[in-house]
Amino acid sequence: MLSTYPKVAVSGSAGQIGYALLFRLASGQLLGDACKVSLSLLEIPQAVGTLDGVQMELQDCAFDTLADVKKTADAETAFGDADFIFLVGARPRGPGMERKDLLQANAAIFSAQGKAINAVAKRTARILVVGNPANTNCLIAQQNAPDMPPEAFSAMTRLDHNRLLAQLAQQSGQAVADIRRAIIWGNHSATQYPDIHHATIDGQAALDVVDEDWYRNQMLAAVQQRGAAIIKARGASSAASAASAAIDHMRDWALGQKVAEDYLSMGLVSNGEYGVQNGLVYSYPVQCAGGKATVVEGLEHNDFSAEKMQTTEKELQEERDAIRNLLP
Ligand SMILES: NC(=O)c1ccc[n+]([C@@H]2O[C@H](COP(=O)([O-])OP(=O)(O)OC[C@H]3O[C@@H](n4cnc5c(N)ncnc54)[C@H](O)[C@@H]3O)[C@@H](O)[C@H]2O)c1
Ligand SMILES: O=C(O)C[C@H](O)C(=O)O
């Protein structure tokens, strides 16, 4: 029997992000308390057994927002008729590795999954790539799914966005909720550009509240290197915060952002906005309303910002060139 509930597919669901994500999806944190969801868990064959245990735990939570749970090692089965697809499954980096070291290891996974999405996913599905290197994995999946609208695909920079908000809140002593219009530009990597030139803190320009030297010389690197700092401290990459950001990203995309005038950050297929090469998956400021994410256009940049935006674009071009063989 076909489920009548929104179907949420998660690849890599036996991994550490999967374990943090599934219980939040099942408890109504994506679509709200009034909406049941049907979970579709994708794993490699060796890990499907682990999913039996995860499924038992999901059942034991007795969530009234969970309709059913299915497990599979077949991507087409997992993604068929899905409304939301979280592509998490990938090899995470270890200490001392850069995210782009994972490029070849993970590129094959995303080309196969892009093809599966193209074959069976709803054309209205929303797809979020979390597995690293997220922007280029997203590019590979999207290019292998030519029958899907490009705007169905996104890469996760919401964790970086949230990290930026947290840094600003801590430094200014204000609440996260009082910060607006922070932006992550470019790649989910050490070249990303966390931009506060358009941000406000409790209604004041952020750069009138926090020290510009601190921003340029400490905060930028702290956000760019936060993933590595967590790996060093925890011995494993961020999981709960990544799952939380993934929920934030999909929820706001589907249901609309909480504060209309705010900006969020999402990696989207570029249509040339801000001079970025067409087709790259680049993180932009967006506004989410009516089920759509729209790039905020017309922001002006000083030389400092322009240079940083180009540096991260260049890295994305290099990543794309390294996996050209997997693009159709
Ligand atoms: N974009 C971000 O902000 C962000 C943040 C944190 C982590 N990540 C990335 O997310 C990914 C997952 O991290 P994790 O900590 O959960 O890793 P993990 O190793 O704990 O779990 C990954 C899971 O994916 C599964 N998997 C591998 N290949 C698969 C395939 N072809 N199909 C389905 N499942 C497959 C593995 O069996 C494993 O269970 C990593 O690439 C990590 O770097 C991204
Ligand atoms: O840094 C990593 O490899 C994990 C993740 O991308 C993160 O930003 O925490």
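Heavy-atom basis, side chains included; hydrogens, waters and symmetry copies ignored. Just so you know, ligand 1 is whichever comes first in the structure, and atom 1 is the first atom listed for that ligand. What you see is a predicted model; the values in this text were computed from it and never measured.
Ranking protein heavy atoms by distance to atom 36 (C) of ligand 1, first place goes to Glu43 OE1, 3.5 Å. Nearest non-hydrogen protein atom to atom 42 (C) of ligand 1 is Asn132 ND2, 3.7 Å. In terms of protein heavy atoms, atom 22 (C) of ligand 1 is closest to Ala90 O, 3.4 Å. Looking only at heavy atoms of the protein, atom 16 (O) of ligand 1 is closest to Ile17 N, 2.9 Å. Looking only at heavy atoms of the protein, atom 1 (N) of ligand 1 is closest to Val130 O, 3.2 Å. Nearest protein neighbour of atom 14 (P) of ligand 1, counting heavy atoms only, is Gln16 CG, 3.7 Å. For atom 17 (O) of ligand 1, the nearest non-hydrogen atom of the protein is Pro92 CG, 3.4 Å. In terms of protein heavy-atom proximity, atom 2 (C) of ligand 1 is nearest to His188 NE2, 3.2 Å.
Polar contact check, Asp160 against ligand 2: no nitrogen or oxygen pair lies under 3.5 Å apart. The shortest N/O to N/O separation between Ser238 and ligand 2 falls below 3.5 Å. Inclusion of Gln113 in the set of residues having an N or O under 3.5 Å from an N or O of ligand 1 is warranted.
Residue Gly227 approaches ligand 2 through these ligand atoms, each under 4.0 Å from one of its heavy atoms: 1 (O), 7 (C), 8 (O), 9 (O). The contact set between ligand 1 and Ala14, taken as ligand atoms under 4.0 Å from a residue heavy atom, comprises 39 (O). For ligand 1 and Ala242, the ligand atoms under 4.0 Å from any heavy atom of the residue are 5 (C), 6 (C). Close contacts between ligand 2 and Ile231 involve ligand atoms 2 (C), 3 (O) [criterion: under 4.0 Å to a heavy atom]. Atoms of ligand 1 found under 4.0 Å from any heavy atom of Leu159 (numbered from 1 in listed order, with element): 3 (O), 5 (C). Distances below 4.0 Å separate heavy atoms of Ser237 from the following atoms of ligand 1: 15 (O). The contact set between ligand 2 and Ser237, taken as ligand atoms under 4.0 Å from a residue heavy atom, comprises 4 (C). Counting the atoms of ligand 2 from 1 in the order shown, those under 4.0 Å from a heavy atom of His188 are 5 (C), 6 (O), 7 (C), 8 (O). Short contacts between ligand 1 and Gly12, defined as distances under 4.0 Å to a heavy atom of the residue, involve ligand atoms 23 (C), 24 (O), 25 (C), 33 (C), 34 (N).
At a 4.0 Å cut-off, not a single heavy atom of Arg158 sits close enough to ligand 1 to count as contact. Proximity of Gln46 to ligand 1 is not established, as no heavy-atom distance is less than 4.0 Å. Ligand 2 lies out of reach of Arg226, whose nearest heavy atom is not under 4.0 Å from it. In this structure, Ser238 has a heavy atom closer than 4.0 Å to ligand 1. For the pair Arg163 and ligand 2, a heavy-atom separation below 4.0 Å is found.
The 12-atom threshold is exceeded at CD of Glu261, counting heavy atoms of other residues, nucleotides or ligands nearer than 6.0 Å. Other residues, nucleotides and ligands place more than 12 heavy atoms under 6.0 Å from the CZ atom of Arg251.
A salt bridge links Lys71 with Asp52: at least one charged nitrogen is closer than 4.0 Å to a carboxylate oxygen. The residues Asp252 and Arg158 are annotated as salt-bridged, a charged nitrogen and a carboxylate oxygen being separated by less than 4.0 angstrom. Taking a cutoff of 4.0 Å between a charged side-chain nitrogen and a carboxylate oxygen, Arg216 and Asp213 do not qualify as a salt bridge. Taking a cutoff of 4.0 Å between a charged side-chain nitrogen and a carboxylate oxygen, Asp83 and Lys122 qualify as a salt bridge.
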- request: Test Phe86 against Phe84 for ring-ring contact (aromatic ring centres under 6.0 Å, His included), laying out the working first.
  value: CA-CA 7 Å; Phe86 292 81; Phe84 298 92; 7.3 Å; no
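A search for side-chain hydrogen bond (donor to acceptor under 3.5 Å, both in side chains) contacts involving Asp147 returns Asn118, not counting sequence neighbours. Annotation: side-chain hydrogen bond (donor to acceptor under 3.5 Å, both in side chains) contacts of Asp64 (sequence neighbours excluded): none.
When atom types are taken as modelled, the side chain of Glu273 and the backbone of Asn271 share a donor-acceptor pair closer than 3.5 angstrom.
The side-chain tip of Lys308 points at the ring of Phe304 from less than 6.0 angstrom away and within 45° of straight on.
Using cut-offs of 30° and 60° for the angle between ring planes, the His249 and Trp253 rings count as perpendicular. Using cut-offs of 30° and 60° for the angle between ring planes, the Phe23 and Tyr19 rings count as perpendicular.
One finds the OG atom of Ser283 at 10.5 Å from the CG atom of Leu264 (value rounded to the nearest 0.5 Å). From Gln310, atom CD reaches atom NE2 of His301 across 10.5 Å, with rounding to the nearest 0.5 Å.
With a 4.0 Å heavy-atom cut-off, ligand 2 is reached by no atom of Ile230.
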